[in-house]
Amino acid sequence: MDSAISFRARKRPAALAQLEAPLAQTVAQKPIPLLALRLPQFERIAWREGKRAAQRLERVTTATFLEASARALRAGDLVGHDPGSDVFAIAMTAPSRESRIPSPIDCRSVLERVALAMSSSVDMRIESGWTLLRSFDPPSTLQHEIELALERGARERERYEFFAAIGHELRTPLTSIRGYLETLIDGGVDEATSQRFLETARREALRMGRLLEGMFEFSLLDLSAEALLGRSCQVSTQIELACEIVRPLAQQRGILVHPNSNNDACAGIEPDTCLQLLVNLLDNAIKYGREGGVVTIGASVDRDDVVIAVDDDGPGIAPAERESIFGLRVRGTQAASRPGTGIGLAIVKMIAERAGGSIRVTESLIGGARFEAVLPARAELMVPAS
Ligand code: ADP
């Protein structure tokens, strides 16, 4: 490794472009973990408080980055930062004795230590993420790989927060079930009260089941940047599949589901993920729609987008709730009489946004809610290179 740019030999990090040649050389022999850190407030401070304040902030952050890296890295690892930029990079290129590549746990631990040191020195949030560089050839730039690493870090954090939130939610029904069972075991409760306790415990057990289902659904989603890039699906095929999946539920409520997708539009989204989005929207339309009513689902192309619309003739969604219902664990006023967890639309939103699209809700022409998922259109079906 070029010792001139190894971090131990420097008082300041190398420019990112300087790292590209040695990285390309090392990565040809073995994959390299690339760790990225960003100070998201940097630009705002430069803009609001001026160049000097930004320079001061950069000096402190860079010094802490170097110090923390020196403690966490080995000689031969590389560190990079371009003056005036908000990103910092670490390439773990040093040869290791135990195994060829540092493990994900090693990478996360280094990242966490450096990020923690940086954020406590300036009292600001630091974004972080890592990726395994398997090849690195021009015109790919280190800057681009850093963006991918940060994107991956954001997805990891999202997942962590999601599971932490659901884990927290699971505690309430569990405590309640345990409490009721213990009271019943202790005895001395009349028959009517024990019946009521048992029914509550059963209701809570069902709710736990739904929370676990939502958790499982979410865990199956591959929302990594790599999975979303370069995939597409024919929307009408996914609409047909989704209608099949929700048919039993629609029959139970006497609802007719009309697919209306006679075009061959392709959207830039992985097929299973698209199916998940459609099923969640249809499931809600059937659940909240009018008993014996109608649900329609269709797709149209609007310039560079495919717009998928799901309509029902239920009570609809009040304008005041049209933003908030996409939040995790948020349930609307229509929810009281229906079982649910407030996870479905949060998943829909996440899927649409990760694919570069969006989701909105308005009033349907048939009387209820109209959900529109806007996804980037693709000229043709794309299958990822294996
Ligand atoms: P859940 O259905 O489990 O409560 P969701 O995240 O799927 O959670 O939906 C969030 C809220 O949005 C629901 O609680 C409900 O109030 C509202 N909602 C979703 N879809 C519809 C719909 N088609 N019609 C009326 N309200 C809806």
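All residue numbers in this chain count up from 1 along the given sequence.
- Between R203 and T200 there is a side-chain heavy-atom pair separated by less than 4.5 Å.
- Neither V330 nor M350 shares a network with the other; the hydrophobic side chains, linked directly or stepwise wherever heavy atoms of I, L, V, M, F, W or Y lie under 4.5 Å apart, form separate groups for each.
- Judged by distance alone, the side chains of S109 and D106 never bring a donor and an acceptor atom under 3.5 Å apart.
- The side-chain heavy atoms of I90 and L34, taken from C-beta on, include no pair separated by under 4.5 Å.
- One side chain, E199 or Q195, offers a donor N or O that lies under 3.5 Å from an acceptor on the other.
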Mind running side chain to side chain donor-acceptor pair (under 3.5 Å) on T193 and D190 for me, showing each step along the way? CA-CA 5 Å; T193 314; D190 65 60; 2.8 Å; yes

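- Between T296 and N260 the shortest side-chain heavy-atom distance does not fall below 4.5 Å.
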Hey, mind stepping through D272 and Q276 against side chain to side chain donor-acceptor pair (under 3.5 Å) and telling me if it holds? CA-CA 6 Å; D272 278 350; Q276 179 77 67; over 6 Å; no

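- Between A299 and V306 the shortest heavy-atom distance is CB-CG1, 4.2 Å.
- More than 12 heavy-atom neighbours from other residues, nucleotides or ligands sit within 6.0 angstrom of CG on D186.
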Under 3.5 Å donor-acceptor pairs involving side-chain atoms of residues 41-49, not counting sequence neighbours:
from, atom 1, to, atom 2, distance (Å)
Q41, OE1, R44, NH2, 3.0

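- Separating the CZ atom in R38 from the CG atom in D86 is a distance of 5.5 Å, to the nearest 0.5 Å.
- Proximity of I286 to V257: side-chain heavy atoms (C-beta onward) are separated by under 4.5 Å at one or more points.
- Annotation: side chain to side chain contact (heavy atoms under 4.5 Å, CB included) contacts of V60 (sequence neighbours excluded): T64, S121, V122.
- Put simply, L328 and I325 are part of the same group of oily side chains (I, L, V, M, F, W, Y) that touch within less than 4.5 Å, one to the next.
- Note: the hydrophobic cluster containing F162 also contains M208 (ILVMFWY, side chain heavy atoms under 4.5 Å, direct or indirect links).
- Hydrophobic clustering of Ile, Leu, Val, Met, Phe, Trp and Tyr side chains at less than 4.5 Å, counting indirect connections, unites V361 with V279.
- At most 12 non-hydrogen atoms from other residues, nucleotides or ligands lie less than 6.0 angstrom from NZ of K349.
- Between E20 and L23, every side-chain heavy-atom pair lies at or beyond the 4.5 Å cut-off.
- Counting only heavy atoms from C-beta outward, the side chains of F371 and L345 approach each other to under 4.5 Å.
- Salt-bridge check for R152 with E156: passed, with a basic side-chain N closer than 4.0 Å to an acidic carboxylate O.
- F65 approaches A89 most closely through the heavy-atom pair CZ-O, 3.5 Å.
- V27 and L142 end up in the same hydrophobic cluster when Ile, Leu, Val, Met, Phe, Trp and Tyr side chains are linked at under 4.5 Å.
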Could you walk me through whether C233 and I269 pass the side-chain contact (heavy atoms from CB on, under 4.5 Å) test, one step at a time? CA-CA 6 Å; C233 66; I269 181 169; 3.9 Å; yes

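- To the nearest 0.5 Å, the span separating CG on L57 from CG on L39 amounts to 5.0 Å.
- For R202, the CZ atom sits in a loose shell: 12 or fewer heavy atoms of surrounding residues, nucleotides or ligands are nearer than 6.0 Å.
- Under 4.0 Å is where a charged nitrogen must lie from a carboxylate oxygen, and between E323 and R360 no such pair does.
- Between L111 atom CG and L37 atom CG the span is 5.0 Å, to the nearest 0.5 Å.
- At a threshold of 4.5 Å between non-hydrogen side-chain atoms, the residues M92 and C107 count as touching.
- To the nearest 0.5 Å, the span separating OG on S69 from CG on D77 amounts to 9.0 Å.
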What donor-acceptor contacts under 3.5 angstrom involve side-chain atoms of residues 237-251, with partners at least two apart or in another chain?
from, atom 1, to, atom 2, distance (Å)
T237, OG1, Q234, OE1, 3.3
E244, OE2, R247, NH2, 2.4

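- Residue R178 qualifies as open at atom CZ: its count of foreign heavy atoms under 6.0 Å is 12 or below.
- Of the charged side-chain nitrogens involved, none lies within less than 4.0 Å of a carboxylate oxygen, so that R56 and E58 do not count as a salt-bridged pair.
- In terms of modelled atom types and a separation under 3.5 Å, the side chain of R210 and the main chain of P339 share no donor-acceptor contact.
- Remark: L281 CG to I347 CD1 distance equals 11.5 Å, nearest 0.5 Å.
- Taking the six-membered ring where tryptophan is involved, the planes of F88 and H81 are essentially parallel, since the angle between them stays under 30° and well short of 60°.
- A pairwise comparison of heavy atoms in A369 and S364 identifies O-CB, 3.5 Å as the closest pair.
- Between E204 and R207 there is a salt bridge, since at least one side-chain N of the basic residue sits less than 4.0 Å from a carboxylate O of the acidic one.
- Side-chain atoms of R303 and D305, non-hydrogen and from C-beta on, never get closer than 4.5 Å to each other.
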